[in-house]
2 protein chains.
Amino acid sequence: MDRATDMSDTDELLSIRAAELYYEENQTQDEIGVILRLTRWKVGRLLASAKANGFIRIEIVHPRARRLPIERRLRESTGLTDAIVVSSAGVSSEVELQSRTAQAAADFLTSLRPIPRTLGISWGRTLHDVSLHLKQGWAPGVNVVQINGGVSLHQRTGTAASTAVTIAHKADGSATLLPSPAVFERLETKQAMEADRAVAGVLDLARNAQAYLFSAGQADANSALVDSGFLTVEQIDDLVSRGAVGDVVGRYIDANGRIVDPELNERTVGIQIDQLRRAPLTIAVISGNDKHAIARAVVRNGLCTVLVTDEDTANALLQEKDTL
Amino acid sequence: MDRATDMSDTDELLSIRAAELYYEENQTQDEIGVILRLTRWKVGRLLASAKANGFIRIEIVHPRARRLPIERRLRESTGLTDAIVVSSAGVSSEVELQSRTAQAAADFLTSLRPIPRTLGISWGRTLHDVSLHLKQGWAPGVNVVQINGGVSLHQRTGTAASTAVTIAHKADGSATLLPSPAVFERLETKQAMEADRAVAGVLDLARNAQAYLFSAGQADANSALVDSGFLTVEQIDDLVSRGAVGDVVGRYIDANGRIVDPELNERTVGIQIDQLRRAPLTIAVISGNDKHAIARAVVRNGLCTVLVTDEDTANALLQEKDTL
DNA sequence: GGGATTTTTGCTCATGTGAGCGAATATCGG
DNA sequence: CCGATATTCGCTCACATGAGCAAAAATCCC
């Protein structure tokens, strides 16, 4: 990697001295010229070269700070409609970064125009976070529909349902829950469930939502599907060995966006992956160092049109593009 | 600690959005005004408040970068004639930071006016580093005089002498070495040594140097005096238990700048601490996290008029001043 | 060494930006 | 509810700064 600008050694040193006086001491280029015995134009050029060589680092340190240049590069290289990248400047923990990402997703939802009448959502820690960051009255009435099953087997039933209810409540809208486990053990049970008028109606609503909001899980033992008891660690290991990188709306996909285990997929309740591919507005919220692989799979295979993520994940995505 | 400027929550968020467009996307305040539906004056004010609240962090990332505001605060709060503080932005190791400090000391020496005809120096890793960073021809002839004994007992004799010789050589000047151990075991031997015409002459020269350049060592087992075999770890432990924080020109002092062990001090060859206190130009080069205590002792007790150090050490010094 | 080419320099000019100041607006206390 | 006070706003003006350009200097190459 070469220097942006060729510079003599003494000029480089001078540019640093000038930068110190300019940025730290708020001196004018004129004044700096007097101090360093240079014309003010020379000082201007030195400062420009210091910037060009990357010696001047400007960071916006704030929980709501985004990285617009990275967002732009992501949009350009992936064809995403929109990309929201939160800055990791000054974060001390992964949790904090995920909170920032959730906040950004909430901000994005709030500023979304036109406001979707029906919003399909998945569930999980990330979306729950988003729901908490939304402000009361963020939208004037939205019907929130669950797009995949989530009634937990041994946890309190709250998690999944409360996310939908909270988002809807804060929008002065209504929530339509999908009263079903994420995965059935037997295909027949699942089919029977789907045949039920009420459930079928919810699924129909889910399939016709104007917008989707979902997260994704890394394929490992910490998955929400394991936590909730729908899958065992052994099952996950098996999926991983068959190429799974993570799950989207409860369905495990590989790096190419393909369903890893069609039989398992059949037993999973909710909209299909292809539904996301065809939808005009699908917002994925993915943050954390262990989610780079699944984020890549989601973005590369057109599963979302909008990605809300953190700086590190975004950079990882861009990195791959470069080395293609 | 309060906010610099009171700001409503929405204004704070706007100031971040404005900052992103201004600093990351190089938009003009006018253009930002159009995007955010604000007047350009409002944008200017938002940017100003973002700065005032510390959301904008500007760092100069370069091995030669200094921290002028810290230097100024150090000068003001300690009465130092000059303070050179190197930035720790982007350093990955303590060694790198010490190298930066040594470079800064070399830079300071090079730009020193008037050029001292005789320069008294101590020895050690730090000063050796400084000698290596000096450029050939940094000064037109300087007589470099060793101000404390340093002929090692069991290492190759090089270390101490080579520092002096290198500094002198690069200035097209001459080096006057003090051919003596740092510490004698018996007072009589030391006195006999000092009585020798040659040695007495060197000491006389040392006492009359126009400027002094020295470093300082933390009082612990890694001390150069232990390395060189002049003191044992047990002796250091004893000194520490009696309040020693470190050594300057081979002499151990406590936080108040007092000699900790007068008897040991008597057996130590070189100029006295008081000589430094009286000299008009004494340059101390001290860097590293374990040298905060000795740096404090040196500065607080007027042992140097110029301090060359790193950002962290400087901040530690300022911290204490605040809590006085 | 000297002419050609590139780089650097000093400058004009147009634009961007912060200080300062009334006018408008919001906030508060009675 | 209304007058008093504080805050914010829009604007003028002066200054700081980057773009662009011709002259000067340095470098290259025969």
Side-chain angles (χ1 to χ4, degrees), chain A residues 1-62 64-66 68-69 72 135-137, chain B residues 1-62 64-65 68-69 72 135 137:
Chain A
M1 201 157 42
D2 245 10
R3 284 261 163 80
T5 313
D6 247 13
M7 244 205 297
S8 75
D9 212 43
T10 54
D11 265 18
E12 181 170 317
L13 190 51
L14 271 177
S15 78
I16 297 302
R17 295 285 153 259
E20 288 160 0
L21 293 164
Y22 192 72
Y23 291 105
E24 302 206 315
E25 299 284 71
N26 297 313
Q27 303 249 31
T28 164
Q29 298 187 4
D30 248 335
E31 296 171 314
I32 298 171
V34 173
I35 295 171
L36 301 180
R37 293 161 210 280
L38 302 166
T39 63
R40 73 186 170 83
W41 297 286
K42 177 76 179 173
V43 174
R45 282 185 245 263
L46 286 171
L47 288 172
S49 69
K51 255 193 190 163
N53 285 359
F55 299 151
I56 313 298
R57 182 156 72 204
I58 302 185
E59 260 182 353
I60 304 170
V61 187
H62 192 279
R64 305 288 266 273
R66 284 162 50 186
L68 303 189
R72 182 154 29 79
K135 268 179 52 186
Q136 186 63 43
Chain B
M1 201 157 41
D2 247 11
R3 284 262 162 78
T5 312
D6 248 13
M7 243 206 295
S8 76
D9 212 43
T10 55
D11 264 18
E12 182 170 316
L13 189 50
L14 272 176
S15 78
I16 297 303
R17 296 285 152 260
E20 287 160 1
L21 294 164
Y22 191 73
Y23 291 106
E24 301 206 315
E25 299 284 71
N26 296 312
Q27 303 250 32
T28 164
Q29 299 187 4
D30 250 335
E31 297 170 313
I32 297 171
V34 173
I35 294 172
L36 301 180
R37 294 162 208 282
L38 301 166
T39 63
R40 72 182 169 80
W41 296 286
K42 177 74 177 173
V43 174
R45 281 184 244 263
L46 285 172
L47 288 172
S49 70
K51 254 192 190 165
N53 284 2
F55 299 151
I56 313 297
R57 182 157 70 204
I58 302 185
E59 259 183 353
I60 303 170
V61 186
H62 192 280
R64 306 286 268 271
L68 303 190
R72 182 155 29 80
K135 269 178 51 188

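Below, chains carry the letters A, B, ... as their sequence lines are ordered, and counting in each starts from 1.
- Note that CD of B:Glu12 is 6.5 Å distant from CG of B:Asn53, once rounded to the nearest 0.5 Å.
- With rounding to whole Å, A:Arg40 atom CZ is found 16 Å from C:dT9 atom P.
- To the nearest angstrom, P of D:dC11 lies 12 Å from CG of B:Asp30.
- Rounded to the nearest 0.5 Å, atoms CZ (A:Arg40) and CG (A:Leu38) are 13.5 Å apart.
- Atom CG of A:Leu46 is separated from atom P of C:dT8 by 11 Å (rounded to the nearest Å).
- At whole-Å resolution of the value, CD1 in B:Ile32 and P in C:dT15 are 18 Å apart.
- Rounding to whole angstrom units, CG of residue A:Asn26 and P of C:dT17 are separated by 16 Å.
- Applying the side chain to side chain donor-acceptor pair (under 3.5 Å) rule to pairs touching residues 23-35 of chain B yields A:Arg67-B:Glu24, A:Arg72-B:Glu25, sequence neighbours excluded.
- Listed pair A:Gln29 / D:dC15 fails the phosphate criterion, with no side-chain N or O lying under 4.0 Å from OP1 or OP2.
- Rounding to the nearest 0.5 Å places CZ of A:Arg17 at 9.5 Å from OG of A:Ser15.
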Between N or O atoms, less than 3.5 Å apart, protein on one side and nucleotides 19-27 of chain C on the other: list the pairs.
none

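- Closest to the side chain of A:Tyr22, out of C:dG16, D:dT17, D:dC9, is D:dT17.
- For the side-chain contact (heavy atoms from CB on, under 4.5 Å) with A:Arg57, the lone residue among B:Val61, B:Ile60, B:Ile58 that qualifies is B:Val61.
- One finds no side-chain N or O of A:Lys42 lying less than 4.0 angstrom from the OP1 or OP2 phosphate oxygen of C:dG10.
- Minimum heavy-atom separation, B:Arg64 to A:Glu20: O-OE2, 3.8 Å.
- Of the inter-residue distances, the one linking B:Leu14 atom CG with B:Leu47 atom CG reads 11.0 Å to the nearest 0.5 angstrom.
- Here D:dT8 presents its P atom at 8 Å from CG of B:Asp11, a figure rounded to the nearest Å.
- Close to C:dT17, at under 4.0 Å from its OP1 or OP2, lies a side-chain N or O of B:Thr28.
- The distance between atom CG of B:Leu21 and atom P of C:dG16, rounded to the nearest whole Å, is 16 Å.
- Straight-line distance from the CD atom of B:Gln27 to the C1' atom of C:dT17: 16 Å, rounded to whole Å.
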